[in-house]
Student: 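After the structure tokens below, expect a handful of questions from me.
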Amino acid sequence: MKKPISKADIRNDMEKQIADFLEKGGEVAEIERGISGRENPNGPLKPQTTAFQEPKQGRTYVPEVVAAIDARRNKKPEKPKPAIRRPRKKIIYDDFGEPLREVWVDE
């Protein structure tokens, strides 16, 4: 079974990659606190998306598909088969609570 990767292993791997990057002449740019990564910090938080800038597209109505969906939706579910009722034994008691006889009853 494979040994699961621990956080310490991930941390050591990342430190090794950073050290290799710095040894090859890479630089880490330090940015002052409070400076935003946005181009215009006074502008809106979310950038303008292209989803709402395009005109609304028309939809193609497909009557066969709609009819098939409606037919499935309106289909009545099959009724389950009725349970088989088996006769059961019932004991007939007299006025004093003594059993008199057994009879089979269909209920």
Student: Taking atom CD1 of Ile10 as the centre, does the number of heavy atoms from other residues, nucleotides or ligands within less than 6.0 Å exceed 12?
Tutor: yes
Student: After noting the C-alpha distance and the side-chain angles of Asp70 and Arg73, does the key distance pass the salt bridge (Lys or Arg N to Asp or Glu O under 4.0 Å) rule?
Tutor: CA-CA 5 Å; Asp70 287 340; Arg73 184 181 301 149; 3.4 Å; yes
Student: Linking I/L/V/M/F/W/Y whenever any side-chain heavy atoms sit under 4.5 Å apart, do Ile5 and Met14 land together?
Tutor: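 Ile5 clusters together with Met14.
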Student: Measuring from Asp94:CG to Arg101:CZ, what's the distance to the nearest 0.5 Å?
Tutor: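 Between Asp94 CG and Arg101 CZ, I get 10.5 Å after rounding to 0.5 Å.
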Student: If you measure from CH2 on Trp104 to CZ on Arg88, what distance do you get to the nearest 0.5 Å?
Tutor: 10.5 Å
Student: Working to the nearest 0.5 Å, report the span between CD1 of Ile92 and CG of Leu100.
Tutor: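 With rounding to 0.5 Å, CD1 (Ile92) is 8.0 Å from CG (Leu100).
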Student: Which residues pass the side-chain contact (heavy atoms from CB on, under 4.5 Å) test with Ala8, sequence neighbours left out?
Tutor: Ser6, Arg11
Student: What residues form a side-chain contact (heavy atoms from CB on, under 4.5 Å) with Asp95, not counting sequence neighbours?
Tutor: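 Partners of Asp95 under the side-chain contact (heavy atoms from CB on, under 4.5 Å) test: none.
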Student: For Tyr93, check side-chain contact (heavy atoms from CB on, under 4.5 Å) against everything at least two apart and list the hits.
Tutor: Ile91, Pro99
